[in-house]
Each structure stands twice: as structure tokens, then as C-alpha cells.
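Presented below is the structure to which this report refers.
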Amino acid sequence: MTGGIGIGFRAMDFLPFSGNRYEGERDGHLLGGEQMVDDGKDLPPQFLIQQGFTTINESSVLPASHRRLASTPQKMDSNIGSECSKNVAEATQIGCASTLLDADFFNDSQVLEITKGVKEFNIPIIRANRKLVASVNGGLHNPSPLVFNPEWSKEQSQGKTSRFNHPSASSIRRPNNEDIAFMSVLELGELIKNKQITSEELTEIFLKRLRRYNPVLESVVTYTEDLAYQQAKEADKLLSQGVYLGPLHGIPYGLKDIISVPQYKTTWGSTTFKNQVLDIEAWVYKRLKSAGAVLVAKLVTGSLAYDDIWFGGRTRNPWNIEEFSTGSSAGPAACTSAGMVPFAIGSETAESLDKLGPFCRYAADCAVILDSIRGKDPDDSSSRDIPFGDPFSVDITKLTVGYLEDADMEVVHVLESKGVKVVPFKLNYTVDSVQGILNFTMDVDMLAHFDEWQRSGKDDDYEAQDQWPVELRRARAVSAVDYMQAQRARGKLIQEVKENFNVDAFIGNATDWERVCMGNLVGLPVIVVPTGFKSIPNPPPTGTRRRTTVNTGIYAPPNHDHIALALAMAYQSATYHHMQRPPIDDLGPNDTIPNPPTVPIPPRRLHLSCCIEQRRLAVAALVVFTSHLLRPSSSTVLSKTTALTPKVPDYRSKRNVPVRLIMSKRSNKEFSSFDPDRSR
């Protein structure tokens, strides 16, 4: 069996695997072709039946069509017979491998014809292309010109919109340092503008909090202290000269460690790349720097942007430090929730269209940050200017908002009390392979960016072997034809969702994985907002302050992020869930956990789609991302990934409470073109 599959891999020029990954000599079959007559003894019964093998004298033999061809060498010259035998064997071997592509319908002569064509035509082209664009991991250069555009309108939006007319936080007075850590970005900006605090002082406050809580949360990869103080001093100098750059002037923040900053490591959370320094200024970093923001740290991403396990440990949930943060933006989520940064930039991939966006505790902050970072990267043909409206100017009383059966009714009632027309809603579509389409799209794209990583065996060093290594080995067997069929099915999904989306927005559970996949594939922005708390599973009998956060999603049509933002701001104006503070080091008088916690990592629950769990959980700490996802956590999140609620404590089910806003399209220059936020 392994010999058959191995020679099939060889014919398709993907034979990077070793041991049970099919490289070299395996079970007596030399994959170079010398000993490739497989009598089928190691094939499973269902495979033998599928291939037409029969049993004579209790030994497996070739199918009838192969037997006829195999018997002829006895009547031929021995040399010709030997060649014929070799052809039969090769056809059988490749036929075995073709079952992995669901293409086992060719006869022997067609298989040999295919093999000849692949060797003479396909493989030289494949290798030439790989040499040109795939010798460096990450896909940072040579991006694909095939770009997904979620626009529903037949007419392309023209022109740039003006900046948002955000409110000012007047009459703000400087509180103590602990309260400063949980102020909104707009409030902090007002303190700096009115010179009640300097950017340098503010930077020091947040750097101290990062160092104070990171030993417990394991959420920081690199402190950018020297750069931070340099940028803070520059911000203070400009203000002293009468130059004010806007609401982010002098505000500290963190970047997910897939976003490159010159002279600092961009590790992608991976052991393989933990010393990597990219001499590139990511576009989002440039935009924030021009707005006067101060970078204080590079924050944890799960290894190669998958989940919360990285080369330095595993990021914990500030709301319950016995649990893990999960999601590839675990660091930005945890740090925002814990008041270690006023905001952070995270990302969502869950398919080939990566989105960047802010993690915040206030939806209004998401809007402000989105306003600063949106726009087209001139070096990235796949990024776009999206001229959506000003969320601060939306008249929500003119909106009709649907609510699904699993919507949080508190959100529905609050918005209704604000004058929004709310109606029951159901989003119907007939495509039943949504989750599979997303996996095909994301995994193939990821593998294209990390082809060399897999071929060189570096995936054996990956921190969690049940994550990317398994998914990307499987992706190696997705044919180009089947990938395109998945994209055609995606097009059908987009059309059906468009036809059924007869409201301005809808409210629904943001943790539903089918909905997460659908929203990513279609391009729906969704802001996930905290809506309350519930008790942790199995709390100490004497009580605890640790809690599980509850959130919901507000979804809008593509490029209508301002609608989702406006509704989230309206909801938060009447509630206080987003203002709560996690009990990182104040668990209660009778609840103690070692610092750092020593609870063992729980076993994973694998699903048909490997990356499901971590993507849902990456939501809990964000505020607003623009046009494709908005997620939740202990801050407000504009994204669509969310947490599960298992029967037992499970690191994938809890999130911080921030809000996150996911942006419509990121630049290939912003980070190494892969972030599966395998939020993953």
C-alpha cells in the first residue's frame, strides 16, 4: 500500500515524507521504481474491493484487467515481457495513489499515458515555478494575482471616503494608573491631547503591566521597549510643538507577531522561525506609526498562526487563567482583555483572504483604529480602498436588523429600545460543504506559502503535530481541479447568501463554526461583543472571581462594517459588560492558583476540520475588524470566531471579553501572507 501511494506521490513530484510519511524504502518497496510490484497484501479489504482485487489460493492478485495484461509476457520475448510487467506494476501503483484524489477511474493504458505526461510536461513546470516563487517560506513575496473580492454590488465603489467623525471624550480627568489601563483609546487620547499625561508616561505604565502579567499569561513574544520610548518621546515632542496627529497620538499598542517591524524578530510563533528578522515595514505598522501610535510589544501568535501553542509556551485566558486563550491571535486577545495594552492588532484568516483588525475593549475604539489603518497598500495588489460609511454617523433607527434563533436576546432588546427595527431572520443556503470549502481554500493557500517548509521536513519540528502538519499533508493531495470546484461551490454560496440577506444586519451566535466558515467565504464583517458572564465549570466550593465570558455577533453585508460598528456602539452605550476587568491576580480570597498555573494541557478534540476549534476561540478578545470578520473577547471583537462551551473545562471554550474588528483585506507586506487566525 505504501509503495503504491509512494510511487503515485513520486509521479506527482510530492515525495517529501519519511517513515510513515512515505519516503525512501518502505515495507520492501523502493519508491524509485525497482521493486514496485505490490501484491496487495498490505491493502485494507475495502480498498481491495474498490480496486477490483480478487483472491486466489488466499493471496491477493491484480484485478482482472491487470491479470490479462500480466499473463501476456509468458508468450513474449523475455525483454518485452519484463518491460510490460514493469508497466503493469507502475500502472497499479499509480492507480492506488489515484484513489487519494478520487480519480481511480482510468484504465491501465490511460494511467501510463498520464504518468508519461506528468513526468515530461507537468513536473518540469512545477519545479520551475517552485524555484521561482516557493524557495522562501511565508509567501511574503510574489503574491497570487487571483484575488477574492467580496463586493456584492455590480458597480465598483469609487473614490476615498473622508475620515470618521469620532466623538471627543471631553471632561476626562486623569485617574490612578490601574484605572488608566482600562480607559478607552479615545479617553487616553484626550488625556494626552490635554497634556494630563505624556506618551512616555503612558508607555511606561503599559510596559510595566506587560512585564507584570506576562509570566502568567505567556502572551508576549518580544518587548519593543527601546522603540516604544523613542516613538513616545517623538509624540511628546510633536505635541509640544503644537502638532497633534489624531486620537492615536502617543497611544501604546501591540502587534501580533506575524506583522513585520524592522530590527525586531517576526517569529510567526514557530520554533523554526524564532530568530527570523524581516527587514520590512508592514503597511499596518506604517499606518499606525504615521498616526502617532507607540509600539510596545510583539504579541503571541500560535505557531504559524494556528491556535495558542507557540515556541515559548501557551497563552492563557485572563478571565480564567486555568484555561488557555486559543486562537492564533491569542496574544492580542489576552493582552487587550488584561489591560496590558489599550489595543492590539490581530488577524483572521480562516481562508485565503487574510484580514487585519484591532482588538479593543470598546467598539468605538475599533472604529477609530480601523479609520487609521484602512486603505490600500501600494505594494499589494490584493488590498483595496473600501469606502464604507462613517459608523459614528449611522442613523440606526432607519435600520432593519434580523435575529437568528441563537441570538442573544439582550442585544436584540437593547437595540430595539434604541429605535432599531428588529425582525426574526433565517439565513438560508443549499451549499452543504461550507466547512470543507474553507479548509480546501485555507490549507492549499497555506501550503503554497510553506511548500519548502514541508518538503524539507521542518514540519516534524512543529509545536503541535495534530495541527498544521496533519492539515498540510492532507492538502498536498487536493488536486487543482477539485480546488477550483470548491471555489465554484463558494461562488454558489456567495450568490445564495446575497439573495437571502434581506436585512441591514443580523444578530447571531458567533461561535457556530458553520457560520464562521460561511462568513469568511462570503466576506461578511461581524463584530463580536461581550454580553455577560457565567460561572466557570467546577468552581471552587468557596467561590472564585474567575468567570466565563458570553458574547454574540452582529453581522453585516460585505463592505458594510460601519453598520456592524454602529450597532455595537449603540449596544455598548446601554450596557457595561465591556467595562469589566479580568481577575488575573485577584481570583478571590479562597481561590488560589500557582503562578504560573500548573494545570496540564488538556487533550485536543480533533474534528473533521482540524482548525475549527482554535478559530472559534480567537474571537473573545477583539473589538472590530473591517470587512470580513469581527470577533469577541474581554474586549470587544469585530470578528466571527468564538468560543465553545464544553461540559468540562476546555481551553478552547473560553475567551476574554474584548471586541475585535476584522478588516476586509490585509496587505501581503503587512505580514507573511499566511495567517490562518487558524482564528486559524
**Asked** Without hydrogens or angle criteria, can the side chains of Asp257 and Thr267 be said to hold a donor-acceptor pair below 3.5 Å?
**Response** yes

**Message:** Quick one about Thr198 and Glu201 (side-chain donor to acceptor, distance below 3.5 Å, no hydrogens or angles considered), yes or no?
**Reply:** yes

**Prompt:** Considering only heavy atoms from C-beta outward, does the side chain of Ile192 approach that of Ile251 to under 4.5 Å?
**Reply:** yes

**Flag if over 12 foreign heavy atoms under 6.0 Å of CG, Asn176** = yes

**Request:** Measure from the side-chain N and O atoms of Thr224 to the backbone N and O of Leu295, and report whether any donor-acceptor pair falls under 3.5 Å.
**Result:** yes

**Prompt:** Are any side-chain N or O atoms of Asn214 and backbone N or O atoms of Val220, one a donor and one an acceptor, separated by less than 3.5 Å?
**Reply:** yes

**Contact summary for Ile563 and Ala556, nearest pair of heavy atoms** = CB-CB, 4.4 Å

**Item:** Residues Glu322 and Arg546 bridged, charged N to O under 4.0 Å
**Value:** yes

**Asked** Taking 4.0 angstrom as the limit, do Glu178 and Arg209 come out as a salt bridge?
**Response** yes

**Item:** Neighbour count >12 (heavy atoms, 6.0 Å) for atom CG, Asp395
**Value:** yes

**Item:** Carboxylate-amine/guanidinium contact Arg212 Asp585, below 4.0 Å
**Value:** yes

**Asked** For the residue pair His249 and Tyr244, does the interplanar ring angle fall in the parallel (under 30°), tilted (30 to 60°) or perpendicular (over 60°) class?
**Response** parallel

**Prompt:** Side chains of Asp504 and Lys398: does their closest heavy-atom pair fall under 4.5 Å?
**Reply:** no

**Prompt:** How would you list, by chain and number, every residue that makes a side-chain hydrogen bond (donor to acceptor under 3.5 Å, both in side chains) with Arg287, sequence neighbours excluded?
**Reply:** none

**Request:** Determine the minimum heavy-atom distance between Gly375 and Trp283, stating which atoms define it.
**Result:** O-NE1, 4.2 Å

**Asked** Any donor and acceptor pair, going by atom type alone, linking the side chain of Ser260 with main-chain N or O of Ile280 inside 3.5 Å?
**Response** yes

**Message:** Donor-acceptor check, side chain of Gln276 to backbone of Ser270, threshold 3.5 angstrom: yes or no?
**Reply:** no

**Request:** Answer yes or no: is there a donor N or O on one side and an acceptor on the other, between the side chain of Gln580 and the main chain of Tyr576, under 3.5 Å?
**Result:** yes

**Pair Tyr229-Glu204, side-chain donor/acceptor within less than 3.5 Å** = no

**Asked** Regarding Asn320 and Asn317, is there a side-chain donor-to-acceptor distance under 3.5 Å anywhere?
**Response** no

**Request:** Fit a plane to each ring of Tyr555 and Phe506, take the angle between them on a 0 to 90° scale, and name the class: parallel (under 30°), tilted (30 to 60°) or perpendicular (over 60°).
**Result:** parallel

**Asked** What class does the angle between the rings of Phe343 and Tyr253 fall in, given that below 30° is parallel, 30 to 60° is tilted and above 60° is perpendicular?
**Response** parallel

**Request:** Flag the pair Leu299 / Leu255 as yes when at least one side-chain heavy-atom distance between them is below 4.5 Å, and no otherwise.
**Result:** no

**Minimal non-hydrogen separation, Pro332 against Ile345, with atom names** = CG-O, 3.7 Å

**Prompt:** Taking all atoms of both residues into account, what is the closest heavy-atom pair of Thr552 and Gly508, and its distance?
**Reply:** OG1-O, 3.2 Å

**Test: Glu281 and Lys289 ion pair at under 4.0 Å** = yes

**Prompt:** Does Gln263 CD have over 12 foreign heavy atoms under 6.0 Å away?
**Reply:** no

**Prompt:** Looking at Trp268 and Gly138, what are the two nearest heavy atoms and their distance?
**Reply:** CH2-CA, 3.6 Å

**Request:** Verify, without hydrogens or angle tests, whether Arg316 (side chain) and Glu218 (backbone) share a donor-acceptor contact under 3.5 angstrom.
**Result:** no

**Prompt:** Less than 4.0 Å between a side-chain N and a carboxylate O, is that true for Asp179 and Arg581?
**Reply:** yes

**Message:** Between Asn149 and Glu151 (side chain of the first, backbone of the second, donor and acceptor by atom type, cut-off under 3.5 Å), is there such a pair?
**Reply:** yes

**Request:** Taking atom types as modelled, find out whether Lys256 and Ser329 have a side-chain donor-acceptor pair closer than 3.5 angstrom.
**Result:** yes

**Asked** Hey, does the side chain of Thr271 reach the backbone of Phe311 with a donor-acceptor pair shorter than 3.5 angstrom?
**Response** no

**Prompt:** Are side-chain N/O atoms of Asn177 and Lys208 paired as donor and acceptor at under 3.5 Å?
**Reply:** no

**Item:** Any donor-acceptor N/O pair, Thr222 side chain to Lys298 backbone, under 3.5 Å
**Value:** no

**Item:** Donor-acceptor side-chain pairing of Glu463 and Ser303 below 3.5 angstrom
**Value:** yes

**Request:** Could you tell me whether the side chain of Gln572 and the main chain of His578 form a donor-acceptor pair under 3.5 Å?
**Result:** no

**Prompt:** What salt bridge (Lys or Arg N to Asp or Glu O under 4.0 Å) pairs are there with at least one residue in residues 224-237, not counting sequence neighbours?
**Reply:** Arg211-Glu225

**Request:** Could you tell me whether Asp385 and Lys376 make a salt bridge, using a distance below 4.0 angstrom between a side-chain N and a carboxylate O?
**Result:** no

**Complete:** Output for pair (His166 NE2, Asp371 CG), nearest 0.5 Å, gives 7.5 Å

